[in-house]
Protein chains: 4
Amino acid sequence: MSQVAYLPVGKREQTKVQNRQAILDAAREVFGELGYETATVRDIIRRTGLAAGTFYNYYRSKEEVFAALADEGARRFAPQLKAIRAQSPDFEVFVRKAIEAYFEFLADEHRNWAARRPPDEPHLHIQGETPEMAAVFNEVRAAMEQAISGRDSLAADPDYMAAAAIAVARDIGDKMLERRPIDTRAAAKFAAAMILNGLKGLPKAGD
Amino acid sequence: MSQVAYLPVGKREQTKVQNRQAILDAAREVFGELGYETATVRDIIRRTGLAAGTFYNYYRSKEEVFAALADEGARRFAPQLKAIRAQSPDFEVFVRKAIEAYFEFLADEHRNWAARRPPDEPHLHIQGETPEMAAVFNEVRAAMEQAISGRDSLAADPDYMAAAAIAVARDIGDKMLERRPIDTRAAAKFAAAMILNGLKGLPKAGD
Amino acid sequence: MSQVAYLPVGKREQTKVQNRQAILDAAREVFGELGYETATVRDIIRRTGLAAGTFYNYYRSKEEVFAALADEGARRFAPQLKAIRAQSPDFEVFVRKAIEAYFEFLADEHRNWAARRPPDEPHLHIQGETPEMAAVFNEVRAAMEQAISGRDSLAADPDYMAAAAIAVARDIGDKMLERRPIDTRAAAKFAAAMILNGLKGLPKAGD
Amino acid sequence: MSQVAYLPVGKREQTKVQNRQAILDAAREVFGELGYETATVRDIIRRTGLAAGTFYNYYRSKEEVFAALADEGARRFAPQLKAIRAQSPDFEVFVRKAIEAYFEFLADEHRNWAARRPPDEPHLHIQGETPEMAAVFNEVRAAMEQAISGRDSLAADPDYMAAAAIAVARDIGDKMLERRPIDTRAAAKFAAAMILNGLKGLPKAGD
DNA sequence: GATGAATGAGTCTTCATTCAT
DNA sequence: AATGAATGAAGACTCATTCAT
């Protein structure tokens, strides 16, 4: 009867994992609803039912949960994106698939938000409000930049091109979330068309 | 032959105007660097060398400077945009001209920012948006939405179309500001091409 | 045509006197409406139409106007009281007359108050809200103390007696001001009877 | 045989109760010395040795401590008053007993005040009223008003009568607190006599 | 490891008073 | 002497973080 415990799976550790996740989930909601500045640690911890001090057993600061959140998002989405890249025969397919995947992710994420920010503050257009989204967004960007820069026939200005593609994906994604029902397919189709046709029409290098 | 004073020109009035402007300028900088939430009234007033209370002689609150800033931007830009719309023979020309004007405005605005903060905060990519820019941006959006919705042959989804166009204009604009030298012409050309070709390639209504 | 000016009565001085009075009047109103703490110098000066700084040409501080106000009240009322004392054949008459005079003063003062304090703050029973009233009140006290202490047959406890008499006069005075019409005669009659004979000695209903 | 804990008695709970009480005590003092307006939360918290923010762990605002204080006083005193009314065979006895009880309360309260401020402010006679006293006072007033209005044989003007009785009780109470030693018996006797019979009915010197 | 009260720096805002014009 | 903007010391309150239990 040896006590072999390769991984900590005792009750205590179980709780630890759960708490960590609970805080992360709460943080996702709260940052989504209030934004980084307005959100308070108490807002986050209140949703978990834990005590204020407990927060600091898991994350050293408000900033750190924020970062952890971003990490998690990226970690979840990155593999998908890699797979898509590997499986796509060409750039167009990649764009379509990637956007689709991103929109799915977005919609999924969105469903987990309870409430939405009351529209009472002056409010710029702040991109990527949720750190996860921001992280995912960066993944997409990286993939797209690489894909684009590989196609030098198009290489009018890869940086601008990636920025434009990303911009479209992001904002169409946001708009999509405001509609009912949320139609990720249609939105993805639109965004892909916009991006691909726009890119194709760009003056070639040397024009 | 007394001197007719069309405007109050005493030293007092002069100082007043200067202070008001100084506060507005400082606010522009601070909001640009820190974002609305993070920025404090003290941050603003500190740059002016004025006393804390003086801020409130000019603006009743942080929110009010913010609004004033937006107003100023809109007030300066709106007439230009209206003129562009009136003078443009077709949608393409309008898009090109509007984007050009917006980019000029952006570049201009940008030149007035003194320093940038060292990137030590978790602030994502929030910076780079002054309330003035946000306001101008809204002007562009309105114009573009109207222009697009008038072209029903293209009417795949006017809302998405406007969003996409705006997204491209905004993000290419931001990217443009990061380059040296700032080339508004090239950026505008790129953005316009991206938008117009993208839009053109969209499936027509009924497809 | 000599320019004999025994007293300063030029236009400048006239204004000075007027301003001083205007500030005093405004202060009376404002202190009456808001109380000493809540009232601000700006509240006072705003009603005069003068500029903020001008206040300090006439009074060195908020506290000083307050004191001046008290002074004025006392100065106006003291002679009356002295006369009453001289003319009263006995203590009872003095009490009656003094109370009557005080109530007249009160009613008069009251007519000059525009509005009343909005009843929104927690609010103890603060006596003598107006500095003038406080001053007058002190005059009455002095007179009554002297009158009482002169009548040693009654001298149970002169200090308590004066306090009790004053208390009745003040609070009945206040109550009187809340009624419409303001009947100083009836109120004075009641207060005097109460002071002299207590509840039991009051005229029965129907008397 | 474990120890059944009917109340939380951990060190934490103990400190909490102590702090709450300390704040309440400090507030009583401070309001008594400075009045509601002049008193600041910092004045209160400073006396407790606690940190500024700690105040807000116990009371949400200055106004709330004030209310809590009043509550506490009323809660302590109301039952006594009710008992007195029930036990009094007639109005005179009720008046005597009620005043006595009120004066006891006052004296008791007074003993708990630590220091008095040097009289350097223009504050008239505002001090000397704790919110608790005000609350208790209102209890007395209510009881007395009801008692008076029930005696229609006397009903010259019940409103004025109650006001007069109350005025005497309050002011004699205040005066009493200024004497050394504080003799609640004598003061109560005087006040009751004064209310019932007026100056003329007071016991002559030597009675 | 959880708890939640304590901490205190920091925020916005008000206001009596000063002072250049 | 009038003006009214500038000043800066408070004030009430918030909140990330610490720490005794």
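Just so it is clear, the structure is predicted and the values come from calculations on it, not from any experiment. So you know, we letter chains A, B, ... as the sequences are listed, proteins then strands, and number each from 1.
- Between the CZ atom of C:R46 and the C1' atom of F:dT3 there is a distance of 16 Å, rounded to whole Å.
- Geometrically, D:K62 does not engage D:F31 in a cation-pi contact defined by less than 6.0 Å to the ring centre and at most 45° from the axis.
- Look at D:N19 and you won't find any side-chain N or O under 4.0 angstrom from OP1 or OP2 of E:dA5.
- Atom CD1 of A:I44 is separated from atom P of F:dC15 by 12 Å (rounded to the nearest Å).
- Between C:D43 atom CG and E:dC15 atom P there is a gap of 7 Å when expressed in whole angstrom units.
- With F:dG8, F:dA12, E:dG8 as the choices, the nucleotide that has an atom nearest any side-chain atom of D:V41 turns out to be F:dA12.
- Listed nucleotides: F:dT7, E:dA2, E:dA16. Nearest to the side chain of C:T40: E:dA16.
- DNA chain E is contacted by both D:R42 and B:N57; D:R42 maps to the nucleotide lying nearer its 5′ end (nearest heavy atom per residue).
- Straight-line distance from the CD atom of C:E63 to the P atom of E:dT17: 9 Å, rounded to whole Å.
- Residues A:G53 and B:A52 each lie close to DNA chain F; by heavy-atom proximity, the contact nearer the 5' end of the strand is made by B:A52.
- Between the side chains of B:N57 and B:T54, no donor-acceptor pair is found at a separation under 3.5 Å.
- Side-chain proximity of D:Y58 to F:dT17, E:dA5, E:dT17: nearest is E:dA5.
- Nearer to the 5' terminus of DNA chain E, by closest-nucleotide assignment, is the contact made by A:G49 (compared with the other of B:T54 and A:G49).
- Residue A:S61 places its side chain closer to F:dT17 than to any other of F:dA1, F:dT17, F:dA12.
- Phosphate contact (OP1/OP2 of E:dT17, side-chain N/O of C:K62, threshold under 4.0 Å): absent.
- Inter-residue side-chain proximity for A:F55 and A:V65 is flagged as met; some heavy-atom pair is nearer than 4.5 Å.
- Both tests pass for C:R20 against the ring of C:Y59: distance under 6.0 Å to the centre and angle within 45° of the axis.
- For the pair B:F55 CZ and E:dC12 C1', the interatomic distance rounds to 10 Å; values are reported in whole Å.
- Here the options are D:T40, D:D43, D:D25, the test is side chain to side chain contact (heavy atoms under 4.5 Å, CB included), and the partner is D:V30; only D:D43 passes.
- Per the geometry, OH belonging to C:Y56 stands 15 Å off C1' belonging to F:dA2, to the nearest Å.
- The distance between atom CD of B:E13 and atom C1' of E:dT21, rounded to the nearest whole Å, is 10 Å.
- Between the side chains of A:Q21 and A:E72, at least one donor N or O lies within less than 3.5 Å of an accepting N or O.
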Inset, instruction - Represent DNA chain F in dot-bracket notation, 5' to 3'. Only Watson-Crick or G-U wobble pairs with both distances under 3.5 Å count; pseudoknot-style crossings use [ ] and interstrand partners use |. - result: .||||||||||||||||||||
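- Rounding to whole angstrom units, OH of residue A:Y59 and P of E:dA2 are separated by 13 Å.
- In this structure, C:R42 and C:R47 have side chains that are not in contact, with every pair of non-hydrogen atoms separated by 4.5 Å or more.
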